[in-house]
Amino acid sequence: SSPKDFYKEFGYVPYKPDVMMYTLLIDAWARVNTGNYRRGKTMEIIERMLNGKAHARPNAYTFTTVFNALRTSAIRKRHNNLEISMSVMKLYEELIKESHSWTKRNDDKYALSEILISSIIRAFAFSMHNDRINIAEKLYDEYFVKGSFDESKFLLKSMIECYFHWNEKTGVDYLLVALKSREMFNRYRRKYEISGNPLDAPNEYLLLLVTRIWCKVGSILSRQEISADKIIFKKHGVPTNLADLALFSANFCESLLRDLELLYEKHGSNRFKPSIKAYNNVIKAWEDYSCIVAGERDNNYLAAQRAEYIFDSMRKVHSSIDPLDHTYVSVINAWGRSGGVTGAQKAEVFLQNYEKDMPNGQTTPQAYNAVLASWAHTKSEIGMERSLSLLNRMEVLKICNSNTYKAVLSAIRWSGDPEAPKIANEFIRRIEKAGYLDVGILYSVMLSWLDIGGHSAEHEIKKLYDEAVEKFSEKENTKLDDCCRVYLKSILLNGSNHRVIETIRNKCTAHSTGSSTYLPSEKVFLQLFKHDFDVKMAQEVIEEMKALATIGNPRMYPTILTFENVLLLCQRVARANAMPCDHSEDDALQLAIITYAEALKDISPKHFHFFDLFVDTCYIICPHNKERMIQIYQLVFEHSCSKGLMNKTFFDKMKNRLSCDELRLVMGSDFVSQSKENFKFTRLPSKWSKNVPHNMLFAD
């Protein structure tokens, strides 16, 4: 009978219901697939048991059943994740309270077993609770590491699931989670090696989780993060180079797949049969490695060869492939990024196999677009020709999308053909006819003209820019800023610095009069500071930005971003003059000081690095003028401390560049030790900064 019928008959049984009957009733509700019954009814019944309104109190089996019900609700998304997260946390807190009374009983039904702990961890994993990783690791440490019970495969599987569902982690934090998942998987595998029992072997589901985590390691991490955290990487025995880390990840994923294939061959059980998704994860890892090393290691076919080998292995296990699957796309990308015409040709061969395997009408544009991108990356005329030829086939099949035309446009732009900009101009009309013209397309064609340079290119860029403003100014202001920067750069390349300011002023005036809806932003002017021109011109630009902001264009007001670019310009000017004259040195230093004073009006704690940049700029401009540098250090030290923006980088630079006597002049004798060797023990009042390590501060 249904749970409702069972619930009606519950009060008519000839004896009081025991905890097992309540647990069975909860389990019945947990199997219901409709509405709020699963979470709502299971929580309602256990709350009655906890509040003393039922005839029995819950035991370990009861809690396990409810946690499993909540996990199922989270998987099937029957409820809001926040509601499930709150329910899991509430139930966990009630379990902790209830378990205190269990210590008096000598009964396994009233004990925190590994199965109950595993159900808690899995419920937290799927509930998306913000603190689920910490709770899961705390439970694992408390009940396994401290020896409450033996480590079981249920517990290890639950921890791997928890790491798999921790999607918020990025960068180095993601790598740490991946390393923990690998550790748990290796422990699971060692249990099988000891017992030799196939039931203890890691199955396809576990491999799917771990390879899915590891196949994204290369694409999620960046070179900057690895450079900043090399100590962490060395500690865990993983490569400190991004390309090597991606290779390490791909090899690890492939080794797991090979182990599973051997188990499948040995035992023939479907629990060890690698799924298409498992193969996809490994191919994806090799694809990421291929993308990372693209441009760094020419004609690197290792990733593509491994991806193709795994693809062939998959075809021996799975005869058919879903056309919506990304298997073909990943292999094509791996070949396309391997370098040269050979890689693109291999990618196109795979596309032909894809067309043979897919029934008529089931081909998707992703595989074709991957081949187009492969030909574009060859940066050759043959790449442009093959892309246009493939586009003709796609238009016949009616499977083109916006990315299709952008890939072909990239092939045209990078072809090296002197006529490429003109071909791109004509191609725009083809894109417009297909209905895929947008600002990004026009921006790409503008860049192709910019590569040529000259007055004729400037004229063509202006026409494209005017078209972009006319057609997309109502909703694409940010992207139009990019187009405007290209247009300004074309003017700068022709040596017309003042005409740039005049152009922007005209654009702002056109907006104020209503003849245009596009309003340039501060970012447009940043192009000027990245261009080599004198510092007096930079002062004029800043004044013009302020003027434009006051007449109705608040997007033009200079911020810290602008001031940072001005300081970088001052550095370039100083470096360009190997033996600068006093006049040029004074101009650059004066601009840097004016910029510093302007920035102080809007500076906040998140901009504490601005002080470092200013001091570096002054040091580059006048490295041998000690008296002036001491004055600058005194000024910056006073401002940074009074605003709570002192930071360790600036602190160390003063120590390295100034003598002990000079440090006393800057900081005051009360804060500086007698010898420079002991300078590191100098303490600053804690109210001065939140950006200095604790051991450098006084306690107020």
Side-chain angles (χ1 to χ4, degrees), residues 39 42-43 60-77 79 81-99 102 111-191 202-203 205-214 216-217 220 232 236:
R39 184 186 68 88
T42 52
M43 288 298 294
Y61 296 153
T62 313
F63 278 103
T64 300
T65 304
V66 180
F67 277 118
N68 287 339
L70 293 174
R71 176 179 62 86
T72 306
S73 292
I75 293 172
R76 299 183 181 179
K77 301 183 186 295
H79 305 278
N81 277 339
L82 179 61
E83 293 177 358
I84 297 175
S85 175
M86 292 172 63
S87 296
V88 172
M89 193 64 200
K90 181 180 179 181
L91 186 62
Y92 172 66
E93 292 170 351
E94 292 292 343
L95 171 62
I96 298 301
K97 295 177 186 177
E98 188 72 12
S99 64
W102 292 356
L112 293 171
S113 66
E114 65 268 29
I115 294 178
L116 174 55
I117 300 301
S118 298
S119 69
I120 298 171
I121 293 174
R122 296 181 79 192
F124 271 113
F126 286 94
S127 71
M128 309 303 287
H129 189 278
N130 290 334
D131 205 32
R132 60 190 181 277
I133 284 282
N134 292 331
I135 294 172
E137 290 182 339
K138 178 183 176 183
L139 287 168
Y140 177 82
D141 291 340
E142 184 173 351
Y143 294 104
F144 165 66
V145 176
K146 293 182 180 178
S148 297
F149 47 76
D150 292 335
E151 185 178 45
S152 71
K153 60 183 181 181
F154 300 108
L155 186 59
L156 291 169
K157 176 182 176 182
S158 302
M159 290 302 298
I160 292 172
E161 282 184 327
C162 199
Y163 291 132
F164 174 78
H165 289 284
W166 186 240
N167 299 321
E168 290 84 355
K169 291 292 184 184
T170 57
V172 177
D173 290 334
Y174 184 91
L175 176 65
L176 294 176
V177 167
L179 289 166
K180 290 176 181 178
S181 71
R182 184 183 67 159
E183 179 186 354
M184 294 297 170
F185 186 87
N186 287 337
R187 289 183 181 180
Y188 199 111
R189 186 160 49 184
R190 279 196 293 272
K191 291 181 74 68
N203 59 14
Y205 174 68
L206 284 182
L207 174 129
L208 199 62
L209 297 180
V210 178
T211 54
R212 185 60 182 166
I213 294 171
W214 275 91
K216 298 190 291 184
V217 166
I220 286 180
I232 294 177
H236 292 278

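Count residues from 1 along the sequence. Note that this is a predicted model, so its numbers are computed, not measured.
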Exercise. What distance separates I160 CD1 from L208 CG, expressed to the nearest 0.5 Å?
Worked result: 12.0 Å

Problem set entry | Validation row: Y140, I135 side chains within 4.5 angstrom (heavy atoms) | no

Exercise. Does a side-chain heavy-atom distance below 4.5 Å link F164 with S181?
Worked result: no

Exercise. Any side-chain heavy atom of K157 within less than 4.5 Å of one from L209?
Worked result: no

For this session: Check W102 against A60 and note the closest heavy-atom contact, atom names and distance.
Result: CH2-N, 3.7 Å

For this session: Kindly compute the distance separating OG1 (T211) from NZ (K216), expressed to the nearest 0.5 Å.
Result: 11.0 Å

Which pairs would a plain distance check flag for residues 115-125, meaning a side-chain donor or acceptor within less than 3.5 Å of a matching protein atom at least two apart in sequence or in another chain?
| unit_1 | atom_1 | unit_2 | atom_2 | d |
| --- | --- | --- | --- | --- |
| S118 | OG | E114 | O | 2.7 |
| S118 | OG | F154 | O | 3.4 |
| S118 | OG | L155 | N | 3.1 |
| S119 | OG | L116 | O | 2.6 |
| R122 | NE | E161 | OE1 | 2.5 |
| R122 | NH2 | E161 | OE2 | 3.1 |

Exercise. What's the shortest heavy-atom distance between A178 and W214, and which atoms?
Worked result: O-NE1, 3.0 Å

Exercise. Can you find a heavy atom in the side chain of N203 that is under 4.5 Å from one in the side chain of L206?
Worked result: yes

For this session: Measure from the side-chain N and O atoms of N68 to the backbone N and O of R71, and report whether any donor-acceptor pair falls under 3.5 Å.
Result: no

Exercise. In this structure, are over 12 heavy atoms from other groups packed under 6.0 Å from R189 atom CZ?
Worked result: yes

Exercise. Under 4.5 Å between any side-chain heavy atoms of M89 and Y92, yes or no?
Worked result: yes

Problem set entry | Side chain to side chain, R182 and L179, heavy atoms closer than 4.5 Å | yes

Exercise. What are the two closest non-hydrogen atoms of I213 and Y174, and how far apart are they?
Worked result: O-OH, 2.6 Å

Problem set entry | Residue among E183, K180, M184 satisfying side-chain contact (heavy atoms from CB on, under 4.5 Å) with M159 | M184

Problem set entry | Gap separating the CD atom of E98 from the CG atom of L91, nearest 0.5 angstrom | 11.0 Å

For this session: List for me each residue that meets salt bridge (Lys or Arg N to Asp or Glu O under 4.0 Å) alongside E94, sequence neighbours excluded, and say none if there are none.
Result: none

Problem set entry | Residue list, side-chain hydrogen bond (donor to acceptor under 3.5 Å, both in side chains) with K138, at least two apart or on another chain | none

Problem set entry | I133 and Y163, any side-chain heavy atoms less than 4.5 Å apart | yes

